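Contents: one structure, followed by commentary.
Predicted model only: the values in this text are computed from it and were never measured.
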Amino acid sequence: MNCSKKMIITGANGLIGRQTIEPLKAAGFDVYALTIDEYNPDVGVNWIRCNIFDETAVQSVFESVKPQYLLNLAWCTTNDYLTSNLNFDFLTSGMKMLKYFQENGGKRVVFAGTCFEYEFKDEPLKEYDAINPQTVYAKCKNYLRELAQLFCEQNGIEFAYGRIFYVFGANEHPKRLTAVIVNNLKNDIEVVINNGDLIKDYMYTKDIAGGFVKLLDSQVCGIVNICTGKGITLREYANLYAQKLGKEKYLKIKKEDTNQPPIIVGDNHRLTNEVGYKIKYSTQDAVSEILKLSSY
């Protein structure tokens, strides 16, 4: 293995993180994954028990591994994550990891952000567009980006930041939209979509993971939207599952008043043209795979 591609990943057991393992290995990375789980079956990965909030443990890991690359995907994304104080802990831990990464010879780092850092508008969002984060979650993500980018510029480290739009994948948290749709329809329970006309940019977890790996393995720096560049209404999205399962009668679409932006779609030209990532899954193919893989 080429030791120049030794890397540490956080969040490797998450919805997106677990899909990065195979493409990371295929790209020739020597993968060291930080985890708090006791059992991790993936072959070819160096799993390290480490709580990223434990500064002493993090320092020890970076001193031992001495990675050239860092992919930081860990963050809270369920329950009250939009307002949780854990957001501040992830912000702090991100900067601590950068410190020890730099002290041990780190060269290139990629952090994960969110489209909710943007000021929304009714056309595809570009990386240089205005930001206006409203939640604790989005503000902490953006603060970390600003601080991390400054730190990396100060210390000669390449920094890239993937802003994720809407995510869908197999075996999501039971309270997330995709899981509710699949679980309810498979069990003949009504699914109610309150705002069917809202347009979102949904990207399959395997493509999001592939995009992050390609970004890590490139020389592209700065913000890169991780998205499809295409919008789909919530009505259309839910209907894909209902039609494939033959359960359209259990799907109820409403058009209630909402404060949500009518359109949230990203421009993915940096991802496709500069990073060189080509999206592998159509929404229809991804939905078919989710239905096969879901264990609800």
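- A 4.5 Å side-chain heavy-atom check between Q19 and I208 finds every atom pair outside the cut-off.
- For the atom pair CE of M97 and CD1 of I52, the computed distance is 4.5 Å after rounding to the nearest 0.5 Å.
- With a 4.5 Å cut-off on side-chain heavy atoms, V109 and N72 do not count as touching.
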For this session: Please test K5 against D217 for salt bridge (Lys or Arg N to Asp or Glu O under 4.0 Å), starting from the C-alpha separation and ending with a verdict.
Result: CA-CA 9 Å; K5 296 188 74 171; D217 204 24; 3.0 Å; yes

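- Closest approach of A74 to F90, counting heavy atoms only: O-CD2, 3.5 Å.
- How far CG of L91 is from NZ of K96: 12.0 Å, rounded to the nearest 0.5 Å.
- Considering only heavy atoms from C-beta on, L216 stays 4.5 Å or farther from T20 through its side chain.
- When every heavy atom of C76 is checked against every heavy atom of Y81, the shortest pair comes out as O-CB, 3.5 Å.
- A 4.5 Å side-chain heavy-atom check between K200 and F165 finds every atom pair outside the cut-off.
- Here OG1 of T178 is found 10.5 Å from OH of Y204. Values are rounded to the nearest 0.5 Å.
- A donor-acceptor pair shorter than 3.5 Å cannot be found between the side chains of K175 and T78.
- By the 4.5 Å heavy-atom criterion applied to side chains, R108 and C221 are counted as neighbours.
- Closest approach of G162 and F212 over heavy atoms only: O-CZ, 3.5 Å.
- Contact between S84 and V136 at its shortest, heavy atoms only, is O-CG1, 4.0 Å.
- In the hydrophobic clustering (ILVMFWY side chains linked at under 4.5 Å, chained through shared members), I36 stands by itself.
- Using the six-membered ring where Trp is involved, Y202 and Y166 have ring planes that are tilted, between 30° and 60° apart.
- The nearest pair of heavy atoms linking N225 to D267 is ND2-O, 3.0 Å.
- When all heavy atoms are compared, the tightest approach of N51 to V58 is O-CG2, 3.9 Å.
- The pair E289-K292 does not count as a salt bridge, with every side-chain nitrogen at least 4.0 angstrom from each carboxylate oxygen.
- E274 is linked by a side-chain hydrogen bond (donor to acceptor under 3.5 Å, both in side chains) to R270, counting only residues two or more places apart in sequence or in another chain.
- Within a 6.0 Å sphere centred on NZ of K214, heavy atoms belonging to other residues, nucleotides or ligands number 12 at most.
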For this session: For side-chain contact (heavy atoms from CB on, under 4.5 Å), just list the numbers for C227 and R163, CA-CA rounded to whole Å, side-chain angles, deciding distance to a tenth of an Å, and then say yes or no.
Result: CA-CA 8 Å; C227 62; R163 277 203 179 125; over 6 Å; no

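- Two residues are said to be in side-chain contact when any heavy atoms from C-beta on lie closer than 4.5 Å; L125 and F120 meet this criterion.
- Side chains of I181 and Y237 form a contact here, defined as non-hydrogen atoms less than 4.5 Å apart.
- Rounded to the nearest 0.5 angstrom, N171 CG and R176 CZ are separated by 12.5 Å.
- For the pair E190 and N184, the minimum side-chain heavy-atom distance is 4.5 Å or more.
- Classification of the Y161-F159 ring pair by plane angle, with boundaries at 30° and 60°, yields parallel.
- For Y250, the side-chain hydrogen bond (donor to acceptor under 3.5 Å, both in side chains) test picks out no residue, with sequence neighbours left out.
- With 3.5 Å as the limit, one finds no donor-acceptor pair spanning the side chains of D80 and T83.
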